[in-house]
There are 2 protein chains.
Amino acid sequence: MALRHAVLAALLDGELSGYQLTKAFDLGMANFWHAQPQQLYAELNRLEKDGFIAGRDVVQETRPTKRLFHVTEAGLAELERFTAASAKPSFIRDDLLVKVQAADHVDTATLIAQLAERAAVARARIDLFTDLLRTMRGERTEEDFLRHGARIGPYLTCARGLAFEEGNRDWCEQAIGILRVRSGAGLPAADPQSG
Amino acid sequence: MALRHAVLAALLDGELSGYQLTKAFDLGMANFWHAQPQQLYAELNRLEKDGFIAGRDVVQETRPTKRLFHVTEAGLAELERFTAASAKPSFIRDDLLVKVQAADHVDTATLIAQLAERAAVARARIDLFTDLLRTMRGERTEEDFLRHGARIGPYLTCARGLAFEEGNRDWCEQAIGILRVRSGAGLPAADPQSG
DNA sequence: TGCACCATGTAATTTGTTACATGATTCG
DNA sequence: CGAATCATGTAACAAATTACATGGTGCA
């Protein structure tokens with residue numbers, strides 16, 4: 001039951017609706033927590049019932065009415081309690097790595113295609129996070145922002161996400177290179193950067 | 001329902017019992033899949049019923065009788081099918097990152113302690129994976145092993161795990177440094193390497 | 001006219017977690 | 001004598017996924 005703390009942490013950046021929250025969990029939050037819309041809507045209702053967040057209706061003209069939520073004092077206290085408690089070890093699940101684990105027993109071309117696809121996704125996310133970080137720090141240098149900026153939490157987690165995706169990209173490229181050498185050998189391999 | 005493919009991939013390295021499988025899921029497999037003993041025992045029974053693995057009893061003198069499982073032809077075909085199917089995006093959950101996301105609203109000392117603990121765990125795993133990789137490649141250079149070695153799948157996934165933990169260590173150290181500068185400022189900060 | 005976006009859910013099913021259960025052996 | 005290791009599960013509960021449901025707006 002730690003989804004709630006991820007939601008609380010996401011709401012610290014300002015009021016969000018359930019819909020906006022799902023967007024956040026597709027972007028920066030996705031670096032360390034994964035959740036579906038249905039889960040988020042349900043969790044928002046539970047958090048409100050427990051008094052950790054409060055919502056207000058915002059009627060819109062051309063769009064359906066939405067509810068914006070913010071963290072309450074009790075919610076902040078709960079986050080503080082959570083932070084002090086010992087963290088569960090981080091938990092990863094990755095289909096692609098399962099496939100690579102079986103590399104010596106499955107079709108190489110198929111595996112290379114999957115690795116290339118993942119590398120492309122990683123590159124897209126690297127660009128995205130690089131832009132996000134630039135936006136967050138504005139005119140300042142990273143050094144200056146991290147020392148004196150008002151909200152460094154999201155910056156640090158985004159930086160971790162960036163490094164993670166760089167690791168993915170590099171590893172995928174290395175694995176592709178190795179699989180190519182072992183199978184086709186002398187082929188004038190297509191440039192993996194081009195796709 | 002992809003736990004089964006992780007189990008199949010784990011069994012490619014040779015026959016394993018449920019107990020040995022839980023050990024594998026605590027070590028190398030933990031880099032990309034997390035599962036508890038109860039799940040593994042249950043999944044082994046399901047996989048056997050579906051014909052993807054086969055087990056045989058091994059009676060031991062000083063230990064309880066165990067069942068060793070190996071992947072069948074049907075199991076290999078299933079892995080092949082899985083490899084060809086599009087992978088779900090990788091899925092991360094990390095309490096620590098949730099806490100860092102809330103860094104600007106929670107106690108700094110508490111957060112630093114958590115980051116230091118994680119950095120220590122990362123260092124331990126780095127040592128472990130470095131040894132594991134050395135063992136896998138034996139006398140050969142990495143270059144040579146990856147070109148001509150018989151089983152590179154586990155090597156590649158372990159390498160990814162190593163890079164991931166190096167990323168964790170570096171990021172934790174950076175975050176600790178920043179939080180120290182912002183809070184205590186001029187303190188003659190303790191060496192994070194020492195613990 | 002069809003698709004994507006905004007906006008929020010319910011219900012059924014599948015997974016995953018926690019607690020409980022058993023019992024011998026080996027090491028300190 | 002107590003703790004860790006080997007060895008395998010069942011049962012109850014909590015969480016996550018999938019499918020289903022609704023309906024207006026804006027764009028090509």
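Quick note on labels: first sequence line is chain A, next is B, and so on, each numbered from 1. Any value given below was found using the heavy atoms of this structure, including those in side chains, with hydrogens, waters and symmetry copies removed.
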- Task: Rounded to the nearest angstrom, tell me the gap between atom CZ in B:Phe91 and atom C1' in D:dA16.
- Result: 8 Å
- Item | A:Asn45 and A:Glu48 side chains, donor-acceptor separation under 3.5 Å | no
- Item | Between P of C:dT8 and CD of A:Gln36, the distance in whole Å | 17 Å
- Query: Reckon A:Arg93 touches a base, only the sugar-phosphate, or nothing at all at heavy-atom distances under 4.0 Å?
  - Reply: sugar-phosphate
- Distance-only donor-acceptor check, side chains B:Arg160 and A:Asn168, under 3.5 Å: yes
- Contact under 4.0 Å: A:Gln38 side-chain N or O vs D:dA15 OP1/OP2: no
- Query: Would you say the side chains of A:Glu78 and A:His5 form a donor-acceptor pair under 3.5 Å?
  - Reply: yes
- Message: What is the distance, to the nearest angstrom, from the CZ atom on B:Phe25 to the C1' atom on C:dT17?
- Response: 16 Å
- Report yes if a donor N or O on one partner sits less than 3.5 Å from an acceptor N or O on the other, where the partners are the side chain of B:Arg63 and the base of D:dT5; otherwise report no. yes
- Task: Between A:Gln39 and B:Tyr41, just flag the one whose closest nucleotide in DNA chain D comes earlier from the 5' side.
- Result: B:Tyr41
- Query: Taking only side-chain nitrogens and oxygens of A:Lys66, does any of them come within less than 4.0 Å of OP1 or OP2 of C:dG9?
  - Reply: no
- Message: I need the CD-P distance between A:Gln20 and C:dC6, as an integer number of Å.
- Response: 9 Å
- Calculate the interatomic distance between B:Leu40 atom CG and D:dG9 atom P; express it in whole Å. 12 Å
- Gap between atoms CZ and P, on B:Arg46 and C:dT14 respectively (whole Å): 11 Å
- Nearest-Å distance, NZ (A:Lys23) to P (C:dA7)? 10 Å
- Message: In whole Å, I'd like the distance from the CG atom of A:Leu3 to the P atom of C:dG16.
- Response: 16 Å
- Note on the structure: B:Arg182 and A:Phe145 have their tightest heavy-atom pair at NH1-O, 4.0 Å
- Specify the residue among B:Pro37 and A:Thr62 whose closest nucleotide of DNA chain D lies further upstream toward the 5′ end. B:Pro37
- Candidates B:Gln20, B:Arg56, B:Arg67 - the one meeting side chain to side chain donor-acceptor pair (under 3.5 Å) with B:Glu15: B:Arg56
